[in-house]
Amino acid sequence: MYTSTTLFAFIGALAGIGSVSGHSAFFHPSMWGFNVTDKDYPYDNRPVAPLRDYTFQQWWFHNHLDHPPNPGDVFELPAGKAATAEIACNKGATSFFASSEGGDIREPNNPNNVCPNSESIAYHTHGIDDLEGCALAIAYKDDVNQVQPEDFTIFSVNQTCVWTRFTDFSVPAAMPPCPAGGCICAFFWIHSPKAGGEENYMNGFKCNVTGSTSTVPLAKPQVARRCGSDVENGKLQDVPGNCTYGAKQPFYWLQAERNNVFEGEHSPPVYNDLYNFLDGAQNDIFEGFYESIPDPAPNAPLPVQRQVSSPSTETSPTSSPSGSSSPQPTFLPSKACKPKKFPSSNAGLQRRSFEEESTGVLPRSWTGGAILGMTRRSRRLNPRESWRLWDMW
């Protein structure tokens, strides 16, 4: 009798030797275990094999630390751009088929197929509406033997993963450079509970940030909390106060030891909005991104994002902190907070802005009545003209 970790779908030519297996993995020469086959261990420990109920040694880096990448094989992470990974159920379905036991099994008419000649259930989904996302994490250490689970920070999420072989992961623009020997990264995936027995997937690889323009380090990652709406479990609304904000660890789940989350088997932790992992680059993972982060709780206030002055804002020469010569970080705004473009206070209150200098924010005709009666001292709108404000929107 086959279990979920030993079920294979055998397909192909060459007298039936070429095989396509279920599940999926990140494939790149930079990974630990790139050339591991089902013959290298007394159990199925190929990169695509799922991880569950294992000891720490068995699940950590897929127990592939004795199969390191060759020197010089590095997966590049371009700051502010997308890094394209290849995810497949068999190395023969990727660009690296030459070192696969079964050779090239890619579909010429569908080269982006994760698992050629198989239904999507082979990679644990019933369709694009049944995806839970996957993620890339980074540790700013160049010695894999010094990396611990708590060192990894999720820096990019693709919520429509696993779905295509070529999968883009957006890299935050503020990623600092790696140490001279590079960084250590890992791919993480937990699939939908509707598409097979629950399990974890992890593949470690050597990586390096390119094009870095920032030196602001990553904040200490915390464990992500379940906080989004969860209709399947009767939670119809988001609870944003219960979310984990800022740098977050990967999920370590359903193992014999070293778990950091303890959700039930049919309520897996996933890399999407349910745990405040927004789609794309995780831009809030850096030190100083938030002024403060309250302790998560259902009724807790939301964190306060650090305010960064606009380059055009006039500041006093004495406004910079004394004794500090280090550059101040600039952060991208969070996807969860995109303010509407209302008129600025200076443009709406200073008469000069609407007379000889056109700001382009509001039409000149709006001031004809709505601003009448407003003085710099009172800053009050003529009540009889207040209707004009509502007619703007």
Side-chain angles (χ1 to χ4, degrees), residues 24-28 30-31 61 74-88 114 131-141 147 149-178 182-191 200-214 216-224 228 243-252 269-287 289 329-337:
S24 292
F26 168 101
F27 282 103
H28 190 268
S30 62
M31 67 188 286
F61 276 78
V74 177
F75 187 81
E76 292 190 346
L77 303 171
K81 300 179 182 179
T84 302
E86 291 195 47
I87 301 172
V114 173
L131 302 174
E132 297 291 1
C134 52
L136 298 185
I138 190 168
Y140 274 79
K141 295 183 177 182
V147 178
E150 298 77 17
D151 294 326
F152 273 128
T153 298
I154 298 295
F155 68 88
S156 186
V157 168
N158 189 310
Q159 293 186 355
T160 53
C161 171
V162 173
W163 186 245
T164 57
R165 171 164 68 105
F166 295 105
T167 302
D168 286 345
F169 290 93
S170 297
V171 182
M175 291 287 277
C178 289
C183 290
I184 309 297
C185 288
F187 165 81
F188 291 93
W189 173 45
I190 298 175
H191 61 72
N200 296 262
Y201 293 83
M202 176 188 184
N203 305 110
F205 57 99
K206 194 77 174 177
C207 59
N208 188 51
V209 177
T210 62
S212 178
T213 59
S214 172
V216 180
L218 275 59
K220 182 179 180 180
Q222 306 297 321
V223 177
C243 291
T244 301
Y245 292 88
K248 294 182 279 292
Q249 297 176 18
F251 296 120
Y252 309 122
V270 288
Y271 297 102
N272 57 38
D273 292 359
L274 186 59
Y275 285 80
N276 199 30
F277 283 109
L278 302 183
D279 193 33
Q282 308 299 291
N283 291 314
D284 66 345
I285 61 177
F286 306 98
E287 287 186 0
F289 185 88
T330 300
F331 298 105
L332 298 177
S334 170
K335 292 183 180 180
C337 183

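Count residues from 1 along the sequence.
Smallest separation of non-hydrogen atoms from A139 and F152: N-CD2, 3.8 Å. Counting all heavy atoms, side chain and backbone alike, P78 lies closest to T210 at CA-OG1, 3.2 Å. In plain terms, the two heavy atoms of P177 and S214 that are nearest each other are CD-O, 3.2 Å. When all heavy atoms are compared, the tightest approach of F286 to P172 is CZ-CB, 3.8 Å. Counting all heavy atoms, side chain and backbone alike, A135 lies closest to V157 at CB-CG2, 4.0 Å. Taking all atoms of both residues into account, the shortest heavy-atom contact from A83 to E76 is CB-O, 3.8 Å.
Note that OG1 of T167 and CD1 of I87 are 4.0 Å apart. Values are rounded to the nearest 0.5 Å. To the nearest 0.5 Å, the span separating NE2 on H191 from SG on C134 amounts to 12.5 Å. Note that the CH2 atom of W163 and the CG atom of L131 stand 6.0 Å from one another [nearest 0.5 Å]. From M175, atom CE reaches atom OG of S156 across 9.0 Å, with rounding to the nearest 0.5 Å. Distance CZ/F169 to CD1/I154: 9.5 Å, rounded to 0.5 Å. Note that CE of M31 is 10.0 Å distant from CZ of F187, once rounded to the nearest 0.5 Å.
In this structure, N272 contributes its side chain and E132 its backbone to a donor-acceptor pair below 3.5 Å. Using a distance-only test at 3.5 Å, with no hydrogens or angles considered, a donor-acceptor pair links the side chain of N276 to the main chain of T244. Using modelled atom types, no side-chain atom of Q159 and backbone atom of G280 make a donor-acceptor pair closer than 3.5 Å.
Heavy atoms of other residues, nucleotides or ligands lying less than 6.0 angstrom from NZ of K81 number 12 at most.
Side-chain contact between V270 and W189 is absent, with no heavy-atom pair separated by less than 4.5 Å. Side-chain contact between F61 and I184 is present, with at least one heavy-atom pair separated by less than 4.5 Å. Counting heavy atoms from C-beta outward, P269 and L274 have side chains that stay 4.5 Å or more apart. At a threshold of 4.5 Å between non-hydrogen side-chain atoms, the residues F155 and I285 count as touching. Put simply, the side chain of I138 reaches to within 4.5 Å of the side chain of V209, judged on heavy atoms. Side-chain contact check for F26 versus E86: every heavy-atom pair is 4.5 Å or farther apart. Considering only heavy atoms from C-beta on, E287 stays 4.5 Å or farther from L218 through its side chain.
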Handout entry: Derivation of the side chain to side chain contact (heavy atoms under 4.5 Å, CB included) call for T153 and Q249
Key = CA-CA 5 Å; T153 298; Q249 297 176 18; over 6 Å; no
Problem - Derivation and outcome, side-chain hydrogen bond (donor to acceptor under 3.5 Å, both in side chains), residues S170 and D168 - result: CA-CA 6 Å; S170 297; D168 286 345; over 6 Å; no
Exercise for the section: Verify side chain to side chain contact (heavy atoms under 4.5 Å, CB included) between F205 and L136, making sure each step is shown before the conclusion. Expected result: CA-CA 10 Å; F205 57 99; L136 298 185; 4.2 Å; yes
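If you look at Y201 and F188, their ring centroids are not closer than 6.0 Å. For H28 and F75, the ring centers are positioned less than 6.0 Å apart. Residues F251 and Y271 bring their aromatic ring centres within 6.0 Å.
Checked against the 2.5 Å cut-off, the SG-SG distance between C207 and C185 falls under it.
Cation-pi geometry between K248 and Y275 is not met: the NZ or CZ atom fails to fall both under 6.0 Å from the ring centre and inside 45° of the normal.
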